[in-house]
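Heads up, the thing below is written out as structure tokens.
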Amino acid sequence: MKKILSVITVAVLLSAMLVSCKQNADVTRQDTTESTTVTTTTATTTEDISTTFEEAHTYKIYPALQKDPDGSYPYEASSFTTYYQPSNETRTTNIQNAVSRLDDLCIPDGATFSFNQTVGKRTVLAGYEEAKIVKGDEFVDGLGGGICQVSSTIFQAALRANLDITVRACHSLEISYVPLGADATVQWNSQDFQFKNDSGSDLRLSVYASDGKLNCTIYAQDDIAPGDLSVDISKSGETYTLTRTVNGTVNYSTSSKYQKPKETTTKEDLKPSPLGHPS
């Protein structure tokens, strides 16, 4: 009888141990699964919001434009030139990097040109280096410094081609490669420069930077000469007002205000020779 009781007791103990182990294993598997799921979901969500889709929250994304180096664009619609210092090697690198993405770009009739979408994000991997950029009330080193001169040069060429300027903003500080009121600043994810090709003809940009000379010429497949066109800048108090007049009628106007940089800040890197002008 004692032997039978002993066998029953051992069997009960073993059964209890097996149940306990199974419960512990289930808890462990459940904890592991929940932890993995939370970690994976959080990482994916953070990456999507902060990097992949952030640009879409800032301004409209347009279809990508393509280069057309072999097409026929026999008519020169406009041209504008600014100047930079080739001795500033990092700034020159940034300018030439942006130019390489813009040269021969075709803008079909009715399409919108976006500087940021065409040039892309300014990163080390994209070949950009540190040069002077505007931050607050001073010029500091930052990736892509110098490319605002490229966007400003294109802005001036687009003005003279009588194109519809849809997005443009001035710098917060005074710059010197174009007259005050004639610049178009750009910054990834916050400020773009855009214009719409409403000319009635496909257009192609010819952009080059060499030996301190930065030029943008806009060519057209058809003759789109607007007639008597002038671009003027006036100053009233602290406000600079740029107007475009075509055949006696003002069809574009934009205003700008600037602050002076800190006295300790040098603009030597941004000094041109001389001011930009139509070619």
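Just so you know, residue 1 is the first one in the sequence shown, and it goes up from there. It should be emphasised that the depicted structure is a prediction, and the values quoted were computed from it without experimental measurement.
Residues Leu163 and Ile107 are not in side-chain contact: their nearest non-hydrogen atoms beyond the backbone lie 4.5 Å or more apart. Looking at Tyr208 and Asp103, their side chains never come closer than 4.5 Å, going by heavy atoms from C-beta outward. In this structure, Arg168 and Phe195 have side chains that are not in contact, with every pair of non-hydrogen atoms separated by 4.5 Å or more. No side-chain heavy atom of Asn162 sits under 4.5 Å from any side-chain heavy atom of Ser199. Side-chain contact between Ile147 and Tyr128 is present, with heavy atoms from C-beta onward closer than 4.5 Å. Between Gln191 and Val167, the closest side-chain pair of non-hydrogen atoms falls below 4.5 Å. Between Leu214 and Ile95 there is a side-chain heavy-atom pair separated by less than 4.5 Å.
Exactly one of Leu180, Val178, Leu242 qualifies for a side chain to side chain contact (heavy atoms under 4.5 Å, CB included) with Ile233. That residue is Leu242.
Looking only at distances, a side-chain donor or acceptor of Arg122 sits under 3.5 Å from a matching main-chain atom of Gly120. Between the side chain of Asp183 and the backbone N or O of Ile175, no donor-acceptor pair lies under 3.5 Å. Formation of a donor-acceptor pair under 3.5 Å by the Arg204 side chain with backbone atoms of Asp68 is found in this model. Panel note: side chain Asp109, backbone Asp202; no donor-acceptor pair is recorded below 3.5 Å. Asp192 places no side-chain N or O within 3.5 Å of a backbone atom of Ser114 that could act as its donor or acceptor partner. In this structure, Arg244 contributes its side chain and Tyr252 its backbone to no donor-acceptor pair below 3.5 Å. Using modelled atom types, no side-chain atom of Ser206 and backbone atom of Thr217 make a donor-acceptor pair closer than 3.5 Å. Not a single donor-acceptor pair under 3.5 Å links the side chain of Lys260 to the backbone N or O of Glu174. Side-chain atoms of Thr245 do not come within 3.5 Å of backbone N or O of Ser230 as any donor-acceptor pair. Tyr219 contributes no side-chain N or O that, together with a main-chain N or O of Ser78, makes up a donor-acceptor pair within less than 3.5 Å.
When all heavy atoms of Leu65 and Pro108 are compared, the closest pair comes out as CD2-CD, 3.9 Å. Nearest heavy-atom pair, Asp222 versus Ser201, reported as atom, atom and distance to 0.1 Å: N-OG, 3.0 Å. For the pair Thr185 and Cys170, the tightest heavy-atom approach, listed with the atom from each and the gap, is CG2-O, 3.4 Å. Across every non-hydrogen atom of Ala126 and Lys121, the tightest pair is CB-O, 3.8 Å. Minimum interatomic distance between Phe155 and Ala182 (heavy atoms only, all atoms of both residues): CD2-O, 3.4 Å. Residues Gln149 and Thr82 share a closest heavy-atom pair of NE2-OG1, 3.0 Å.
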For a side chain to side chain contact (heavy atoms under 4.5 Å, CB included) check, start with the C-alpha distance between Tyr84 and Val150, then their side-chain angles and the critical distance, and finish with the verdict. CA-CA 10 Å; Tyr84 61 94; Val150 182; over 6 Å; no
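With rounding to the nearest 0.5 angstrom, the CD1 atom of Ile165 is 9.5 Å from the OG1 atom of Thr254. Summarising the geometry, atom CG belonging to Asn97 is positioned 12.0 Å from atom OG1 belonging to Thr92; distances are rounded to the nearest 0.5 Å. Interatomic distance, Thr118 OG1 to Lys67 NZ, rounded to the nearest 0.5 Å: 10.0 Å. Note that the SG atom of Cys148 and the CZ atom of Phe193 stand 11.5 Å from one another [nearest 0.5 Å]. Here CG of Asn116 is found 8.5 Å from OG of Ser151. Values are rounded to the nearest 0.5 Å.
The ring of Tyr240 has its center closer than 6.0 angstrom to the ring center of Tyr258.
Side-chain atoms of Asn215 and Ser79 include a donor-acceptor pair closer than 3.5 Å. Side-chain contact of Ser255 with Thr239: a donor-acceptor pair under 3.5 Å is absent, judged by distance alone.
In terms of hydrophobic clustering, with Ile, Leu, Val, Met, Phe, Trp and Tyr side chains grouped at heavy-atom distances under 4.5 Å, Val186 and Val99 are assigned to a common cluster. In this structure, Leu203 is a member of the same hydrophobic cluster as Val246, with clusters built from ILVMFWY side-chain heavy atoms closer than 4.5 Å. Grouping the Ile, Leu, Val, Met, Phe, Trp and Tyr side chains by contacts below 4.5 angstrom, directly or via other members, places Leu105 apart from Tyr73.
Using cut-offs of 30° and 60° on the angle between ring planes, the pair Phe113 and Phe115 is perpendicular.
Within 6.0 Å of CG on Asp223 lie more than 12 heavy atoms contributed by other residues, nucleotides or ligands.
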